[in-house]
Amino acid sequence: MLILGLDPSLSSTGWGVIRAEGARLSHVANGQIKTDPAAPMAARLAALQAGLAAVIAEHHPGRAAAEEIFVNKNPQSTLKLAQARGAVLAACGAAGLTVNEHAARLVKKAVTGTGGAEKAQVAAMVKVLLPGVAIAGSDAADALAVAIADAHLAPRH
């Protein structure tokens with residue numbers, strides 16, 4: 001099964017597609033969808049949704065996964081994150097994908113063995129778990145980590 005991992009944000013949404021065959025995982029693709037900070041909010045959200053819809057159309061994942069939302073100290077940042085998540089979830093919903101949500105600490109623990117891992121540790125373990133992967137950036141590394149965690153944490157059907 002192909003799993004689409006997502007790390008939503010308004011400025012740069014990371015995505016990663018992996019193939020999970022039992023306990024074996026392999027990299028399919030990863031990237032980042034960036035939006036123009038000078039563009040109006042509606043245009044940025046539309047670009048994010050369209051960019052993710054193109055990724056879904058190209059790779060045909062069986063399901064998607066994202067980290068659960070967290071509240072920042074800055075309410076404006078939290079609001080922008082929530083809006084970006086809405087665009088991402090809408091793209092997944094329009095494609096008929098189930099979206100599993102996992103706590104950030106649980107994703108880090110599934111990938112690194114500790115829930116308090118730093119971004120660099122997560123990216124390093126993604127490279128170990130997906131040998132030969134060329135990661136498109138830190139947001140893509142986080143998205144691949146979400147996909148890896150989902151492969152281990154989601155209920156088996």
Side-chain angles (χ1 to χ4, degrees), residues 1-36 44-70 80-115 117-157:
M1 164 171 295
L2 293 182
I3 302 170
L4 171 63
L6 299 164
D7 181 34
S9 81
L10 187 58
S11 59
S12 177
T13 289
W15 61 269
V17 179
I18 66 167
R19 180 178 311 282
E21 297 169 324
R24 287 188 14 201
L25 303 178
S26 58
H27 174 259
V28 175
N30 73 89
Q32 299 177 110
I33 303 166
K34 297 186 181 287
T35 65
D36 179 358
R44 293 179 79 183
L45 294 172
L48 182 55
Q49 187 174 5
L52 188 54
V55 168
I56 293 168
E58 180 178 350
H59 297 289
H60 306 288
R63 69 175 184 252
E67 285 185 359
E68 291 175 348
I69 197 162
F70 62 92
K80 288 177 182 177
L81 174 61
Q83 290 171 317
R85 274 183 57 87
V88 164
L89 293 176
C92 290
L97 293 179
T98 299
V99 180
N100 296 324
E101 297 184 70
H102 305 288
R105 291 188 62 80
L106 200 54
V107 169
K108 291 175 182 179
K109 186 171 183 175
V111 173
T112 68
T114 178
E118 298 292 326
K119 277 183 152 314
Q121 290 173 288
V122 172
M125 279 307 297
V126 166
K127 289 180 180 178
V128 168
L129 295 169
L130 301 173
V133 65
I135 300 174
S138 64
D139 297 317
D142 289 346
L144 286 167
V146 171
I148 292 166
D150 189 67
H152 296 297
L153 300 171
R156 306 263 186 243
H157 297 289

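Source: prediction; values computed, not measured.
- The ring-ring contact (aromatic ring centres under 6.0 Å, His included) analysis of residues 9-35, with sequence neighbours excluded, yields the pairs Trp15-His59.
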- Task: May I have the step-by-step check of side-chain contact (heavy atoms from CB on, under 4.5 Å) for Ile148 and Leu130, ending in yes or no?
- Result: CA-CA 9 Å; Ile148 292 166; Leu130 301 173; 3.9 Å; yes
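- Contact of the Pro61 side chain with the Ile3 side chain is not registered, since no non-hydrogen atoms from C-beta on lie closer than 4.5 Å.
- Looking at heavy atoms from C-beta onward, Leu45 lies in side-chain contact with Leu10 at the 4.5 angstrom threshold.
- Closest approach of Ser138 and Gln32 over heavy atoms only: N-OE1, 4.2 Å.
- Scanning for side-chain contact (heavy atoms from CB on, under 4.5 Å) contacts around Ala149 gives Val107, Ala110, Leu153, with sequence neighbours left out.
- Of all the heavy atoms in Ser12 and Ser9, the pair that sits closest is O-OG, 2.7 Å.
- Within the model, atoms CG of Leu52 and SG of Cys92 stand 5.0 Å from one another, a figure rounded to the nearest 0.5 Å.
- The side-chain heavy atoms of Asp7 and Val146, taken from C-beta on, include no pair separated by under 4.5 Å.
- Heavy atoms only, all atoms of each residue included: Thr112 and Val122 are closest at CG2-CA, 3.9 Å.
- For Ala87 against Leu48, the heavy-atom pair with the smallest separation is CB-CD2, 4.2 Å.
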Table please: side-chain donor-acceptor pairs of residues 16-25 below 3.5 Å, with sequence neighbours left out.
residue	atom	partner	partner atom	Å
Glu21	OE1	Arg24	NH2	3.3

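- The distance from atom CG of Leu106 to atom CG of Asp150, rounded to the nearest 0.5 Å, is 10.5 Å.
- The salt bridge (charged side-chain N to carboxylate O under 4.0 Å, His left out) contacts involving residues 124-148 comprise Lys119-Asp142, where partners must be two or more places apart or lie in separate chains.
- For residues 82-99, the pairs satisfying side-chain hydrogen bond (donor to acceptor under 3.5 Å, both in side chains) are Arg85-Glu101, with sequence neighbours left out.
- Atoms CD and CG, from Gln49 and Leu89 in turn, are 10.0 Å apart once rounded to the nearest 0.5 Å.
- Of all the heavy atoms in Ile33 and Gly51, the pair that sits closest is CD1-C, 3.5 Å.
- With Asn100 contributing its side chain and Ala65 its backbone, the two residues share no donor-acceptor pair below 3.5 Å.
- Note that the NZ atom of Lys108 and the CD atom of Glu67 stand 7.0 Å from one another [nearest 0.5 Å].
- Residues that satisfy the ring pair (Phe, Tyr, Trp, His ring centres under 6.0 Å) test with His60, not counting sequence neighbours, are absent from this structure.
- For the pair Pro8 and Val88, the tightest heavy-atom approach, listed with the atom from each and the gap, is CB-CG2, 4.0 Å.
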